[in-house]
Protein chains: 2
Amino acid sequence: MGFGNVSERRSAPPQVGVSVVILALGPRDADDTGTTPNAAHSQLWMPLVKRVRQPFMGSWALPGGHLRADRSLEQSAFAALESTTALHPRYLEQLYTFGDPDRSHGGLPMVSIVYWALVEQSEAAAFEDGDNVRWFPEHDLPQLAFDHRAIIEYALERLRSKIEYSDVATRLLGPTFTLRQLHDVYEAIAGQSIDLANFRRKMLASGDLEDTGEKRREGRQRPAAVYRYVPKEPVNDTVQRSGIPGSPSAYSGNHTVASLEPRHNAAHDDALAPLTPSAQR
Amino acid sequence: MGFGNVSERRSAPPQVGVSVVILALGPRDADDTGTTPNAAHSQLWMPLVKRVRQPFMGSWALPGGHLRADRSLEQSAFAALESTTALHPRYLEQLYTFGDPDRSHGGLPMVSIVYWALVEQSEAAAFEDGDNVRWFPEHDLPQLAFDHRAIIEYALERLRSKIEYSDVATRLLGPTFTLRQLHDVYEAIAGQSIDLANFRRKMLASGDLEDTGEKRREGRQRPAAVYRYVPKEPVNDTVQRSGIPGSPSAYSGNHTVASLEPRHNAAHDDALAPLTPSAQR
DNA sequence: ACAAAAGTGTTCCCGCTACACCCATGA
DNA sequence: TCATGGGTGTAGCGGGAACACTTTTGT
């Protein structure tokens with residue numbers, strides 16, 4: 001392998017890899033343990049892996065993997081996600097590509113194409129921590145390798161903004177949910193209280209929630225109506241090409257079920273949910 | 001160099017490069033020539049380069065270049081931009097990273113980290129087309145190589161959304177401008193008419209425009225007040241690390257003046273204006 | 001019957017739209 | 001003095017925030 005001299009190595013292209021920020025809703029009340037002050041609402045958790053080599057050996061880092069020329073970036077991200085955590089995300093979207101020379105801190109210069117994923121609560125709850133993979137709550141992260149701390153912050157920002165004009169919130173829950181559950185998700189992400197009455201009206205007014213007819217009892221009081229996310233947006237499947245954010249390019253492997261999921265309207269910015277199999281706005 | 005067998009090549013990492021979508025406001029009325037129907041408002045133009053090799057030889061493509069391990073992605077994007085067009089963008093932001101295996105169409109599998117840039121009108125107007133570099137209007141693009149057409153579409157989408165909560169519009173003009181000029185930009189990007197009276201009020205109400213005291217005559221009637229973009233947002237320069245979207249990591253080279261520019265509030269999505277030298281929001 | 005959660009009503013305010021209007025300037 | 005563009009006024013609509021209220025259920 002080895003490159004020639006220093007200047008050759010400098011003008012050479014850097015290494016490239018994929019990393020994933022995986023987010024899931026934590027259990028409702030882990031705060032009775034006294035660790036967190038008194039979190040009124042739930043929190044987001046994410047799995048991290050322990051580094052076994054320098055630099056940052058022993059620190060925690062985002063799950064990651066390599067790129068392969070015969071796979072899409074999304075597939076590579078998915079592979080990285082699955083290989084370390086065996087989770088099935090309900091949402092997966094490119095976040096940003098990081099490539100600053102000094103982010104490697106002594107390692108090889110590295111360009112990281114970072115994705116972020118949402119996993120539904122139940123699946124995350126079933127996951128057992130191992131020696132080298134452990135879940136951490138958003139507000140109590142350990143020492144992180146490289147610039148991963150900032151990357152996570154950025155992913156959370158993206159989530160916070162995206163919740164306002166897309167269906168990401170529902171991806172942290174199962175396919176059906178009560179308005180209170182959804183409300184909890186919004187509060188967890190926003191980090192502040194939201195008027196329940198107005199929230200409920202706004203959600204129902206959006207027209208994207210369909211009453212399943214079921215009732216579900218969350219606490220031990222009156223059961224709540226159960227809804228499903230079903231956007232009315234007719235889905236315009238027109239000029240989209242593969243590899244383009246709006247168009248998913250379906251996995252070749254058949255991992256990731258949880259597929260026949262809602263489309264959503266891209267009100268504002270960028271990439272949509274590539275996990276969705278059909279093209280969308 | 002050559003790789004071994006097919007499967008080795010498949011699992012090998014793909015090539016990586018940078019491309020840039022460069023946008024500038026076109027001249028006010030190129031429509032008298034009869035080419036375009038009767039464009040009420042200005043249009044966006046972008047420079048493209050002609051490909052001189054297969055695949056897509058002879059087609060037009062986005063300006064691009066290589067990555068170097070000793071340069072940030074932004075610097076590489078800037079270099080690519082400057083080497084082909086010698087322009088000085090007033091805005092530069094990462095757009096998306098494309099890496100689908102089949103986007104190469106017979107060439108080597110290629111991951112493209114795409115940036116988009118805004119150039120001020122006057123500079124773009126001064127630019128002379130060459131044999132291999134030519135400006136095209138948004139609504140009359142030629143045959144494009146690879147998935148570049150879709151990439152451009154995506155960049156335009158991003159611009160359209162970003163105009164609503166950031167200062168990108170001003171980056172298509174000089175450092176100072178009249179409200180009418182700004183209005184034109186908005187119409188060009190939105191592609192539709194916007195009530196001037198309300199527009200003016202909204203802009204002024206935002207508090208980000210400062211009256212310079214000057215007057216400027218655009219047509220040959222009453223001169224208009226000249227404004228400067230000066231966001232009030234106090235700029236929180238806190239925990240930002242280099243390589244992270246919000247933090248610019250200033251060019252090592254000193255190209256790109258046009259630097260002491262406004263910060264803006266990141267209302268919604270993702271990367272801010274990395275051209276801005278000071279950290280923001 | 002009481003507590004807790006589900007779900008509804010009502011009021012106020014603010015921002016955006018539409019469109020009418022007045023003012024400054026040069027030909 | 002008239003045309004053109006700069007700039008202001010105003011009435012109405014609609015969505016969100018605040019918060020009081022009713023209904024359903026389990027203990």
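Because only heavy atoms are used, hydrogens play no part in the values below, and waters and symmetry mates are left out as well, while side chains stay in. Every chain is numbered from 1, with letters handed out A, B, ... down the list of sequences. As the structure is a computational prediction, the values presented were derived from the model and not from experiment.
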Worksheet item: Taking protein heavy atoms under 4.0 Å as touching, what does nucleotides 12-25 of chain C look like 5' to 3' if B marks base contact, S marks sugar-phosphate-only contact and - marks none?
Response: -----BBB---BBS
Discussion item. In this structure, how many angstroms lie between the C1' atom of D/dT8 and the CG atom of B/Leu179, rounded?
Written reply: 13 Å
Worksheet entry | Closest approach of B/Pro231 to B/Asp208 (non-hydrogen atoms, all atoms of both residues) | CA-OD1, 3.3 Å
Practice prompt. Rounded to the nearest angstrom, tell me the gap between atom CG in A/Leu196 and atom P in D/dA17.
Written response: 13 Å
Worksheet item: What is the distance, rounded to the nearest whole Å, between atom CZ of B/Arg216 and atom C1' of D/dG5?
Response: 16 Å
Practice prompt. Grab the CZ-P distance between A/Arg200 and D/dA18 for me, whole Å please.
Written response: 18 Å
Practice prompt. May I ask you to check whether A/Phe177 and A/Tyr227 place their ring centres under 6.0 Å from each other?
Written response: no
Worksheet item: How close or far is atom C1' of C/dA5 from atom NZ of A/Lys215, stated in whole angstroms?
Response: 13 Å
Worksheet item: Whole Å only: how far is the CD atom of B/Glu214 from the P atom of D/dG6?
Response: 16 Å
Worksheet item: Under 3.5 Å, is there a donor-acceptor pair between the B/Tyr96 and B/Gln94 side chains?
Response: no
Item to complete: Step through it carefully: locate the ring centre of A/Tyr154, locate the ring centre of A/Trp116, and say whether they are under 6.0 Å apart.
Response: no
Response to the item:
Sorted by chain and residue number, the side chain to side chain donor-acceptor pair (under 3.5 Å) partners of A/Thr176 (sequence neighbours excluded) come out as A/Arg216
Item to complete: Using only side-chain N and O atoms of A/Arg180, determine if any of them is under 4.0 Å from OP1 or OP2 of C/dA6.
Response: yes
Worksheet item: Roughly, in whole Å, what's the span from OH in B/Tyr227 to P in D/dG6?
Response: 11 Å
Item to complete: Answer yes or no: is there a side-chain heavy-atom contact under 4.5 Å between A/Phe136 and A/Leu141?
Response: yes
Worksheet entry | Atom-to-atom span, CD of B/Glu218 to P of D/dG7 - whole angstrom | 12 Å
